[in-house]
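Beneath this line is the structure, given in C-alpha cells, with notes to follow.
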Amino acid sequence: LLKLRKQDKKFNKFLYKCWKKPIDYLETLIEIAEEKAISFSETFYEQAIEDNNFLFFALQSIHARSLLISRECLTLLKNGYPDGALSRWRTLYELSVIGEFLYTKQNQDLCERYICYQHVQEYEDEKAFRKEGNKNYTDEAFDTLKSNYDNLLKEFGKDFVKTYSYGWASNFLSKPKVSFKDLVQNTSKQKLYYYYKLSSTYIHGNHKANDQSLGIIPNLEKVHLTGSSNYGLSIPMQNVAISLTQISTLFFLTYSNLDVTITIFTMHHLLNELIPEACKTQKEIESKQYKLQEK
C-alpha cells in the first residue's frame, strides 16, 4: 500500500503539471463562487426574509449544493478520473436547469412549490422504506411527514405530489407529469443535454462504458482502464466550470450591486480562459501519444 500510494502521489504531480492552468482556473472559480456566496448571503439574507423572496432561498440551496458537487468533481479530476467527474457533473447540470427555470419564470409561487416539494420526497422515501420493515423516523415524526404531505396535496393538488416527477413545475407547464427534459426545453441548456445523456453511459452498467472510457485516447491500442488517467479531463472540466458559473450568476442576480457585477464578470472571464486551455491540453496529450505510437 505504501508503494502504491507513493506511485499515486507521483502520478498526481505529473497530472497537475500537464493540466496546471485549467485546473487552477477551475479551482479559482470554485473559491470565488463560495467566497462570494458567503458574503452575498450575509448581505441580503435579512432583506430576502423581509421581501419573502422564495427565489433567493431556492437558488441559495441550489448554489450551496453546486459548490459541493464542483469540489467533488475537482477531486476526481485532480486524481485522473474523468468518467467519475462527468458522472458527478450530471447532477450539477440538473441543478443548473432547475435554477434557470426558476429564475426565468420569476414566480414566487413556483419557487415556494420547489422548496415545499422536499416534504413530498421525505414522506414518499420514508413510506417506501417502512414497506421494507425499516424506518428512519419515529412514528411521531412520520405522522408529521404525513401531515405535511396531506397539506401540500390539499393546497397544490394531486399532480404536485406525484412521485419521481417534477411535480412542483406541473402547474406552470400545464402537464400532469413533468419530466426533466420538459424543464430543459424551457431553458437555454439544450446544448449541454448531449453531455447529460452521455454521462449516463458512465453511471449505468452498460457495455459501452466498459470499452470507451473518457480516459482512453481514441485509435490507440485497445485497453480496459482500471485506474486513473491523465487524459479525458477536458469535457468534464469545462462542463463543471460552465454549470457552476451559470448557477452562481443566477443566484447572485437575485439582488444586485457593484460587487455582484464584478464577481460575475470575473467568473465569466475565468471560464473563457479555462475552456481553450482545457482543449489545448487535451490535444497536446493526444499528439504526444500518437507520435509515440508511430515510433
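The chain is numbered in sequence order, starting from 1.
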Looking only at the side chains, is there a donor atom on one of Asp182 and Ser179 sitting less than 3.5 Å from an acceptor on the other?
yes
Leu173 and Leu183, any side-chain heavy atoms less than 4.5 Å apart
yes
Euclidean distance, Phe252 CZ relative to Ile262 CD1, rounded to 0.5 Å
13.0 Å
Phe129, CZ atom: more than 12 neighbouring heavy atoms under 6.0 Å
yes
Just one of Tyr114, Trp168, Tyr117 clears the ring-ring contact (aromatic ring centres under 6.0 Å, His included) bar with Phe160, so which one?
Tyr117
Validation row, ring centre Phe56 to ring centre Phe251 under 6.0 Å:
yes
Answer yes or no: is there a donor N or O on one side and an acceptor on the other, between the side chain of Ser41 and the main chain of Ile38, under 3.5 Å?
no
Can you find a heavy atom in the side chain of Leu110 that is under 4.5 Å from one in the side chain of Asn171?
no
Quick test of your reading of the model: are Lys175 and Asp159 salt-bridged, counting only N-O distances below 4.0 Å?
no
For Phe57 and Phe54, I'd like to know if the aromatic rings sit close, meaning centre-to-centre distance below 6.0 Å.
no
More than 12 foreign heavy atoms under 6.0 Å from CD of Gln121: is that the case here?
yes
Please evaluate residues Gln190 and Val184 with respect to the criterion side chain to side chain contact (heavy atoms under 4.5 Å, CB included), reporting the C-alpha separation (whole Å), side-chain torsions for both, the decisive distance (0.1 Å), and the verdict.
CA-CA 6 Å; Gln190 289 93 330; Val184 174; 4.1 Å; yes
Would you say the side chain of Val240 lies within less than 4.5 Å of the side chain of Leu74, judging by non-hydrogen atoms?
no
Tell me, with the steps shown, if Glu286 and Tyr231 meet side chain to side chain donor-acceptor pair (under 3.5 Å).
CA-CA 8 Å; Glu286 279 182 7; Tyr231 179 78; 2.4 Å; yes
Test side chain to side chain contact (heavy atoms under 4.5 Å, CB included) on Phe172 and Val178 and set out the steps.
CA-CA 10 Å; Phe172 292 84; Val178 176; over 6 Å; no
Verdict with reasoning, Ile32 to Leu270, per side chain to side chain contact (heavy atoms under 4.5 Å, CB included)
CA-CA 10 Å; Ile32 289 174; Leu270 283 168; 3.5 Å; yes
Following the transitive rule for hydrophobic clusters with a side-chain heavy-atom cut-off under 4.5 Å over Ile, Leu, Val, Met, Phe, Trp and Tyr, establish whether Tyr81 and Ile30 coincide in one cluster.
no
Within the 3.5 Å criterion, strictly below it, is a donor on Asp150 or Tyr123 matched to an acceptor on the partner's side chain?
no
Leu15 and its side chain to side chain contact (heavy atoms under 4.5 Å, CB included) partner, picked from Leu77, Leu233, Asn79
Leu233
Evaluate salt bridge (Lys or Arg N to Asp or Glu O under 4.0 Å) for Lys127 paired with Glu124, printing each intermediate quantity in order.
CA-CA 5 Å; Lys127 188 171 70 171; Glu124 292 291 358; 3.5 Å; yes
What's the shortest heavy-atom distance between Leu274 and Ala241, and which atoms?
CD1-CB, 3.9 Å
Donor-acceptor pair, distance only, cut-off 3.5 Å: does the side chain of Ser170 make one with the backbone of Tyr166?
no
Working to the nearest 0.5 Å, report the span between CD1 of Ile216 and CD of Gln289.
12.5 Å
Shortest non-hydrogen contact from Gly232 to Gln282?
N-OE1, 3.1 Å
Between the main-chain N or O of Lys197 and the side-chain N or O of Ser200, is there a donor-acceptor pair closer than 3.5 Å?
yes
Has Tyr93 got a side-chain atom pairing as donor or acceptor with Lys189's backbone, closer than 3.5 angstrom?
yes
Within the 3.5 Å criterion, strictly below it, is a donor on Thr249 or His268 matched to an acceptor on the partner's side chain?
yes
Indicate if Phe14 and Ile285 have the same hydrophobic cluster label, given that clusters are the connected sets of ILVMFWY residues with side-chain heavy-atom separations under 4.5 angstrom.
yes
Does a side chain donor of either Ser243 or Trp89 reach within less than 3.5 Å of an acceptor in the other side chain?
yes
Would you say Glu100 and Ser96 are linked by a side-chain donor-acceptor pair, where the criterion is simply a distance under 3.5 Å?
no
Looking at CD1 of Ile69 and CD of Glu94, how far apart are the two atoms once the value is rounded to the nearest 0.5 Å?
8.5 Å
Applying a strict under-4.5 Å side-chain criterion to I, L, V, M, F, W and Y, I'd like to know whether Tyr195 and Ile203 cluster together.
no
Looking at side-chain heavy atoms only, is the closest gap between Lys36 and Ile264 below 4.5 Å?
no
Would you say Tyr45 has more than 12 foreign heavy atoms packed within less than 6.0 Å of its OH?
no
Between Ser147 and Thr144 (side chain of the first, backbone of the second, donor and acceptor by atom type, cut-off under 3.5 Å), is there such a pair?
no
Can a donor-acceptor pair be found between the side chains of Tyr149 and Glu122 at a distance below 3.5 Å?
no
Would you say that Tyr202 contacts Leu214 through its side chain, given a criterion of any heavy-atom pair below 4.5 Å between the two side chains?
yes
Heavy-atom pair of closest approach, residues Pro236 and Ala85:
CB-CB, 3.9 Å
In the single-linkage hydrophobic clustering (I, L, V, M, F, W, Y; side-chain heavy atoms under 4.5 Å), do Ile235 and Tyr194 co-cluster?
yes
Close side-chain approach of Thr281 and Pro22, heavy atoms under 4.5 Å:
yes
As a test of understanding, state which of Asp139, Asp125, Asn136 forms a side-chain hydrogen bond (donor to acceptor under 3.5 Å, both in side chains) with Arg130.
Asp139
Indicate whether any N or O donor in one side chain lies under 3.5 Å from an N or O acceptor in the other, for Ser213 and Asp83.
yes
Donor-acceptor pair, side chain of Glu34 and main chain of Leu67, under 3.5 angstrom
no
Looking at side-chain heavy atoms only, is the closest gap between Asn53 and Tyr255 below 4.5 Å?
yes
Less than 3.5 Å apart, any donor N or O on the side chain of Asn151 or Glu155 sitting next to an acceptor on the other?
no
Arg71 and Glu27: salt bridge (Lys or Arg N to Asp or Glu O under 4.0 Å), yes or no, with the steps?
CA-CA 8 Å; Arg71 290 191 184 283; Glu27 195 161 3; 5.9 Å; no
With a 3.5 Å distance limit and no angle check, can you tell me whether Arg90 reaches the backbone of Ser199 through a side-chain donor-acceptor pair?
no
Close side-chain approach of Phe40 to Gln60, heavy-atom, < 4.5 Å
no
Please report the closest heavy-atom contact between Leu225 and Gly215, naming both atoms and the distance.
CD2-CA, 4.0 Å
Do you know the tightest heavy-atom contact between Leu250 and Gly99?
CD1-C, 3.6 Å
Is there a donor-acceptor contact under 3.5 Å from the side chain of Ser287 to the main chain of Lys283?
no
Answer yes or no: does atom CD of Gln106 have more than 12 heavy-atom neighbours from other residues, nucleotides or ligands under 6.0 Å?
yes
Treat each ILVMFWY residue as a node, draw an edge where side-chain heavy atoms are under 4.5 Å apart, and state whether Leu253 and Val97 are in one component.
yes
Should Glu46 and Glu50 be marked as a side chain to side chain contact (heavy atoms under 4.5 Å, CB included) after you check the CA-CA gap, both sets of side-chain angles, and the distance that decides it?
CA-CA 6 Å; Glu46 295 297 331; Glu50 184 179 329; over 6 Å; no
Flag the pair Lys21 and Glu273 as a salt bridge only when some basic side-chain nitrogen lies within less than 4.0 angstrom of an acidic carboxylate oxygen.
no
